[in-house]
Amino acid sequence: MNVATSIQTDITPKGTDYDTVRCVIEALTENYRDQPSLEALARRLGQPPTQLQKVFTRWAGLSPKAFLQAVTLDHAKRLLRQEDMPLLETSIEVGLSGPGRLHDLFVTHEAMSPGEWKARGAGLTIRYGFHPSPFGTALVMVTDRGLAGLAFADPGEERASFEDMAGRWPNALYVEDSAATARYAARIFDPDRWSAEEPLRIFLIGSDFQVRVWQALLHVPLGKATTYSRIAEEIGQPTASRAVGAAVGRNPISFVVPCHRALGKSGDLTGYHWGLTRKRAILGWEAGKA
DNA sequence: CAGCAGTGTGCGA
DNA sequence: TCGCACACTGCTG
C-alpha cells in the first residue's frame, strides 16, 4: 500500500496551522524561563507577529501567553483536583462515559474478548485513513464494531505512525478507506459535534488489564486530569501504578481515550507516545474549550 | 537526592 | 520460558 501518497489529497490548509502552533509550543516550553516575546517567536518562525498571534489564538482559543499558563505545573496540579470527578462504578454500569462530561466527547465502548485479543487481530478488517486534525495529521482506524485506533503523525512520519498502529494487531486486514474514516475524524475533533444522544462507538482492543485502564481514562472529564497511581487505585490494583503507566502508553485510541489527561503525581506531564509537545498542545487546546 | 521494589505486558533471546 | 524495559510511585538511606 502506498501510505505516503494517499495522505496528500486529504490535507486541507487547516491542518497546517498545527505545524506553526507546534513550533510556537516547542519554543515556548523549551525557553519558558526566558518568557520569549511574540516578537522573538515571530522572528524565529519567519512570520509577522500579528499573523502568528492570530493563527495561534484561532487554534487554541487562547493567546500564546495564556496557553503557556495552561500547561504550567501549577495549572496541571489544579487539573488534578478530585472534586467533580465522576465515580467509576456508576459510569461503567451506564455504559457511557458518565454524567459529568456534559461538554466532553461521549463514547460507548466495547472490548475484545480474551480469545480475540490473542488472535492479534486475525479475522478483523480495519479501515484506515489520514485526516487533518488540530494536532497534526491524524490516522484513523475503524472496524465494523467502532473506532479502534487513532494516532498522530508529524509531517513525513505518516508511514511510521501506520506501522506503529498496524504492529499492534499484525494479523488484521488493513484497507485504506478514508471515505469511511473521514466522518469519524470530522466528529472527533469538532466539540460542537460531541453529543450524549449519539455517543461515538469505540472498540477497545487490548489485554484485560489494558482495557480496564483505558476505561478508567474515559471517566476523566475535559478540563480535569488524573494520575497513574489514582487509576491504579480505581481499577483495584493500588500498587500497579507503573503497570498503569505502561498501559496508558499503549492506548490505541489517542485523544478519544484521553491518555493525555494522565499526569505524574507531581503534575509533571511525564511522557506521551506521540510526543510531549503534542500532549501539551492537547491539554492547552482543552483549556481553551473547558 | 539516589536507589530500589513492586506491577502487567510485550518483545527478543 | 526468561529477562528486560516501560508514559510510575513511595519508601529508604
Peer 1: Taking atom C1' in both C:dC4 and B:dC4, what distance in whole Å separates the two?
Peer 2: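 Comparing C1' positions in C:dC4 and B:dC4 gives a spacing of 16 Å.
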
Peer 1: If we ignore angles and hydrogens, is there a donor and acceptor under 3.5 Å between the side chains of A:Y228 and A:T270?
Peer 2: yes

Peer 1: Quick check on B:dC11: is either OP1 or OP2 less than 4.0 Å from any side-chain nitrogen or oxygen of A:R120?
Peer 2: yes

Peer 1: Side-chain N or O of A:Q237 less than 4.0 angstrom from OP1 or OP2 on B:dG8?
Peer 2: yes

Peer 1: Just how far, in rounded Å, is P of C:dA7 from CG of A:L217?
Peer 2: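 Value for this atom pair: 15 Å.
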
Peer 1: Figure out the CD/P separation between A:Q210 and B:dC11, and round it to whole Å.
Peer 2: 10 Å

Peer 1: Which heavy atom in A:F203 sits nearest to a heavy atom in A:A111, and how many Å separate them?
Peer 2: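 A:F203 and A:A111 have their closest heavy atoms at CE1-C, 4.0 Å.
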
Peer 1: CZ of A:R261 versus P of C:dA7: gap in Å, rounded?
Peer 2: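 One finds 21 Å between P of C:dA7 and CZ of A:R261, rounded.
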
Peer 1: Checking base pairs now: Watson-Crick or wobble, both atom distances under 3.5 Å. What partners C:dA7?
Peer 2: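 Pairing partner: none.
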
Peer 1: Check each of A:I205, A:L147, A:L200, A:I188 against A:I253 using the side-chain contact (heavy atoms from CB on, under 4.5 Å) test, and report the only one that passes.
Peer 2: A:L147

Peer 1: Quick check: on DNA chain B, is the nucleotide nearest A:R250 upstream (toward 5') of the one nearest A:R242, or the reverse? Name the residue that is more 5'.
Peer 2: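 In this pair, the answer is A:R242.
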
Peer 1: Give the rounded distance in Å between these two atoms: NE2 of A:H273 and P of B:dG10.
Peer 2: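 Rounded to the whole Å, the gap is 14 Å.
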
Peer 1: Would you call A:D154 and A:R278 a salt bridge, taking side-chain N to carboxylate O under 4.0 Å as the test?
Peer 2: yes

Peer 1: For the pair made of CG in A:L269 and P in C:dC8, what is the distance, rounded to whole Å?
Peer 2: 12 Å

Peer 1: For A:D164 and B:dG10, give me the distance from atom CG to atom P, rounded to whole Å.
Peer 2: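 Between P of B:dG10 and CG of A:D164: 14 Å.
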
Peer 1: Counting neighbours of CD on A:E163 that are heavy atoms of other residues, nucleotides or ligands and sit closer than 6.0 Å, is the number greater than 12?
Peer 2: yes

Peer 1: With nearest nucleotide decided by heavy atoms, which residue, A:Y272 or A:K265, maps closer to the 5′ end of DNA chain C?
Peer 2: A:Y272

Peer 1: I want to confirm an ordering. Mapping A:S241 and A:A246 to their closest nucleotides on DNA chain C, which one lands closer to the 5' end?
Peer 2: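 The residue mapped nearer the 5' terminus is A:A246.
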
Peer 1: Taking CG from A:L283 and P from C:dA7, how many angstroms apart are they, rounded to a whole number?
Peer 2: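 The answer, rounded to whole Å, is 17 Å.
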
Peer 1: Calculate the interatomic distance between A:N251 atom CG and C:dA7 atom P; express it in whole Å.
Peer 2: 14 Å

Peer 1: Please state the P separation for the pair B:dA5 and C:dG3 - nearest whole angstrom.
Peer 2: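 That atom pair is separated by 15 Å.
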
Peer 1: Is there a Watson-Crick or G-U wobble partner for B:dT7 with both distances under 3.5 Å, and if so, which one is it?
Peer 2: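 With both distances under 3.5 Å required, B:dT7 matches none.
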
Peer 1: Just call it for A:S207: base, sugar-phosphate, or nothing, with non-hydrogen atoms closer than 4.0 Å on any strand.
Peer 2: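 Contact class for A:S207: sugar-phosphate only.
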
Peer 1: What contact category does A:Y228 fall into here, base, sugar-phosphate, or nothing, at under 4.0 angstrom with non-hydrogen atoms?
Peer 2: base

Peer 1: In whole Å, measure the gap between the C1' atoms of C:dA7 and B:dC1 for me.
Peer 2: 22 Å

